[in-house]
Amino acid sequence: KRYSKDKEKKKKESIFDLSKYIDKPIRVKFQGGREASGVLKGFDPLLNLVLDGTIEYMRDPDDQLKLTEDTRQLGLVVCRGTSVVLICPQDGMEAIPNPFIQQQDG
Amino acid sequence: VSLSKTLNPLIYKLVDKCIGSRIHIVMKTDKEIVGTLLGFDDFVNMVLEDVTEFEITPEGRRITKLDQILLNGNNITMVCKYCACLVSLYSRYRLTGVS
């Protein structure tokens with residue numbers, strides 16, 4: 001009897017407001033290992049994104065985990081929210097040497 | 001006016017504008033699809049025509065399918081209009097003479 005009251009629809013609240021990234025360059029990582037960056041033009045609560053001037057960073061064909069210098073221009077792109085795993089500002093990240101590699105004793 | 005319940009209207013409009021044009025769809029895996037967009041639904045499943053499918057293999061592979069396909073939206077990562085980026089796609093797959 002309380003069941004119906006508890007089941008009142010809750011509006012889907014975002015834990016993060018992407019509007020502060022609008023018109024700013026961001027980096028996006030996808031399920032499957034793809035990475036891209038572009039200027040955020042729009043988004044929705046499901047994390048579908050519209051990016052402009054998009055560049056995709058290609059991975060090494062031999063080692064799928066390694067990024068190469070290779071990029072390609074995709075232009076205006078719709079990114080599916082179902083596949084997005086990470087979003088960060090373009091200048092908010094940098095590559096560092098692998099911290100997990102054990103140093104060999106000389 | 002968007003009839004979609006799950007897709008944001010602005011994003012719906014952007015994909016809707018592509019209906020009738022050739023578009024380039026990048027999947028989560030190393031597969032890409034180029035085709036003419038006939039339509040899509042709330043989940044961005046797509047109906048495409050005159051489709052070419054590209055897959056990364058050591059040799060590079062291309063499969064051309066005509067007629068229509070229904071592309072499952074589950075694995076779609078990016079959608080863009082057929083453009084200059086495809087020049088690099090063809091060289092990456094070592095293909096020539098693809099329309």
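Hydrogens, waters and symmetry mates are skipped; everything else that's a heavy atom, side chains included, is used. First the proteins, then the strands, lettered A, B, ... as listed; each starts at 1.
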Which atoms of B:Ile76 come close to chain A, meaning under 4.5 Å heavy atom to heavy atom: side chain ones, backbone ones, both, or neither? both

Taking A:Arg27 first and then A:Glu56, would you say they form a salt bridge - that is, a charged N and a carboxylate O separated by under 4.0 Å? no

For chain B, which of A:Gly42, A:Ala36, A:Cys79, A:Gly81 has the most heavy-atom pairs under 4.5 Å? A:Cys79

Would you name the heavy atoms of A:Leu51 and A:Leu40 that are closest together and state the gap between them? CD2-CA, 3.8 Å

Is the Lys NZ or Arg CZ of A:Arg34 less than 6.0 Å from the centre of A:Tyr57's six-membered ring, within 45° of the axis? no

Establish, yes or no, whether a centroid distance under 6.0 Å links the rings of A:Tyr21 and A:Phe43. no

The interface call for B:Thr77 against chain A, heavy-atom contacts under 4.5 Å, is both

